[in-house]
Amino acid sequence: MSWGFLRDLLSGVNKYSTGIGRIWIAIVFIFRLLVYVVAAENVWKYEHDEFECNTKQPGCENVCFDHFFPVSQIRLWALQLITVSTPSLLVVFHVAYRENREKRHKQKLYRSTGKIDGGLLCTYLISLILKTGFEIVFLVLFYKLYNGFEVPRLVQCDMRPCPNAVDCYISKPTEKMIFLYFLVATSGVCIVLNVSELSYLIFKYSIKCYMKTSSKKQHSSKSDCH
Amino acid sequence: MDWGALQTILGGVNKHSTSIGKIWLTVLFIFRIMILVVAAERVWGDEQDDFICNTLQPGCKNVCYDHFFPISHIRLWALQLIFVSTPALLVAMHVAYRRHEKKRQFRKGDQKCEYKDIEEIRAQRFRIEGSLWWTYTSSIFFRLIFEAVFMYAFYFMYDGFRMPRLMKCNSWPCPNTVDCFVSRPTEKTVFTIFMIAVSSICIMLNVAELCYLLVKFFLKRSRKAGNPKHHPNHETKEETKQNEMNELISDSCQNTVTGFS
């Protein structure tokens, strides 16, 4: 069980996505998942070992590290990736439910089980709203937990058992900051894509609905005339 | 999920590339990605642990390391490889879009559609002409830009491509100026020069491919202008020869572009 599982999951979702949805999946795969696995993970690999405080007091470093990093940024990043990819499963489940129904009733109930219309459209829209919501929640969480996206070189710690205020130095702060900004940028791009896809689908199906109702009205007014 | 996933995605693009494009992909996979994974990552593996400063002052090593290496070589290469590979996806998306249109035509029962079944559409290799030519050329152009930007960023951040043995650091909290020693400087210099050399080869291949596409485009246009009765469905001798060459060199890899076919 590893990131390959998420990749296979998202590949399955790709079949039932719109064009913008596919671009979103490509961005998540390449600029978020791949960058996380091949680059970002290694930057945070020895963060605890390399976190150094200007004291010989045993336990001080541990306590200070725990105070400043309640949840490591890299773990938060991983959780964000998983949480943001999961709403797409709703669409996969709905399509599977449709296919199951057709099998049970042994007849064609839908024009195409994978086509985004009717109930599947609602599911798709809900998944888009959830994805956007989760992205925003995690960005806000990052911002609140770490007071912005900057990583300072030095933090001052006065937790027990540290004697007085002690200087603690974070390892590779500039590199971590660069990757955090990269994370924020890609999250932002994904939010924009989700919002565009949402608007596009709502617009498309509103027009479709409007055309249907206006053609029905025309049809019924013609039959009234006869 | 790792470089193998990128290889799967780009493998699908290989079918629709020119011969130079295929050589570029081979150089990318073998001399850049593979070298990065099997060798370079090990060389830089202990970079901070073995970065030693001549001081007992806690925090001085961390601060000096951060000052001299704002972003590690290995991470910069990984990002460079990802960015340089991404424009090929534009081509993959365009091909997928064309396939989708042909499938739609086929399903509608359009008589203009010359395919016998869906499998033929899936396996078909599109020629680089029309809008696909523009997409392909733009992707090469973006590749060139990304390569150049990353090479410049490298040169700018590390003052050249040499890794010094000793760096003098006087950032706070280091007391005065302190000598800091980089681990494996010669090995790192060798790999840096190797990666830069291969990047340069890739840039030259991209430039060659761009020139080839432009020359081919202008030749075709001048031929069309010179021969207005030329029937678009008849291939010229050169085009037939090029197609045969492409078929011979063509990768028989059955990998499809992940999610784009």
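Throughout, protein chains are lettered first and strands after them, A, B, ... in sequence-line order, and every chain is numbered starting at 1. Computed from a predicted structure; not experimentally measured.
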(request) Under 4.5 Å heavy-atom distance to chain B, tell me which part of A:Cys53 shows up: side chain, backbone, both or neither. (result) backbone
(request) Determine the minimum heavy-atom distance between A:Asn54 and B:Pro58, stating which atoms define it. (result) OD1-CG, 3.2 Å
(message) So, taking the atom named CD1 in A:Ile30 and the one named OG1 in B:Thr86, what distance separates them when rounded to the nearest 0.5 Å?
(response) 5.5 Å
(request) State, yes or no, whether a side-chain contact exists between A:Val38 and B:Leu81 at a heavy-atom distance under 4.5 Å. (result) no
(request) For the residue pair B:Met93 and A:Arg22, establish whether any side-chain heavy-atom pair is separated by less than 4.5 Å. (result) no
(request) Keeping the roles fixed (side chain from B:Asp66, backbone from A:Thr174), state whether a donor-acceptor pair exists under 3.5 Å. (result) yes
(message) For the backbone of B:Ser72 and the side chain of A:Glu175, can you confirm whether one donor and one acceptor N or O come within less than 3.5 Å of each other?
(response) yes
(request) Go through the atoms of A:Leu10 and report whether side chain, backbone, both or neither lie under 4.5 Å from a heavy atom of chain B. (result) neither
(message) Only pairs of heavy atoms separated by less than 4.5 Å count here; which of A:Lys172, A:Lys176, A:Met177, A:Lys45 has the most with chain B?
(response) A:Lys172
(message) Is it the case that atom OH in A:Tyr181 sees more than 12 heavy atoms from other parts of the structure closer than 6.0 Å?
(response) yes
(message) Taking side chain as everything from C-beta outward and backbone as N, CA, C, O, which of these in B:Trp172 sits under 4.5 Å from a heavy atom of chain A? Side chain, backbone, both or neither.
(response) side chain
(message) Counting only heavy atoms not in B:Leu166 (residues, nucleotides, ligands), do more than 12 fall under 6.0 Å from its CG?
(response) yes
(request) Determine whether more than 12 heavy atoms belonging to other residues, nucleotides or ligands lie under 6.0 Å from atom OH of A:Tyr205. (result) yes
(message) Minimum heavy-atom separation for A:Tyr169 and B:Pro173, please, with both atom names.
(response) OH-CG, 2.9 Å
(message) Heavy-atom count check: over 12 atoms from other residues, nucleotides or ligands less than 6.0 Å from B:Trp134 CH2?
(response) no
(message) Once you measure the plane-to-plane angle for B:Phe83 and A:Phe182, does it fall in the parallel (<30°), tilted (30-60°) or perpendicular (>60°) bin?
(response) perpendicular
(request) Measure from the side-chain N and O atoms of B:Asn62 to the backbone N and O of A:Glu50, and report whether any donor-acceptor pair falls under 3.5 Å. (result) yes
(request) Using non-hydrogen atoms and a 4.5 Å limit, figure out which bit of A:Asp49 sits close to chain B: side chain, backbone, both or neither. (result) neither
(request) Answer with side chain, backbone, both or neither: which region of A:Asp167 has an atom nearer than 4.5 Å to a non-hydrogen atom of chain B? (result) side chain
(message) Can you confirm whether B:Met34 is buried at CE, in the sense that more than 12 heavy atoms of other residues, nucleotides or ligands lie under 6.0 Å from that atom?
(response) no
(request) Could you tell me which portion of A:Val43 (side chain, backbone, both or neither) has an atom closer than 4.5 angstrom to a non-hydrogen atom of chain B? (result) both
(request) Mark yes when over 12 heavy atoms from residues, nucleotides or ligands other than A:Tyr46 sit less than 6.0 Å from its OH; otherwise mark no. (result) no
(request) For the residue pair B:Ile74 and A:Asn42, establish whether any side-chain heavy-atom pair is separated by less than 4.5 Å. (result) no
(message) Under 4.5 Å from any heavy atom of chain B, what part of A:Phe31 do you find: side chain, backbone, both or neither?
(response) side chain
(message) Are more than 12 heavy atoms, taken from residues, nucleotides or ligands other than B:Phe31, located less than 6.0 Å from that residue's CZ atom?
(response) no
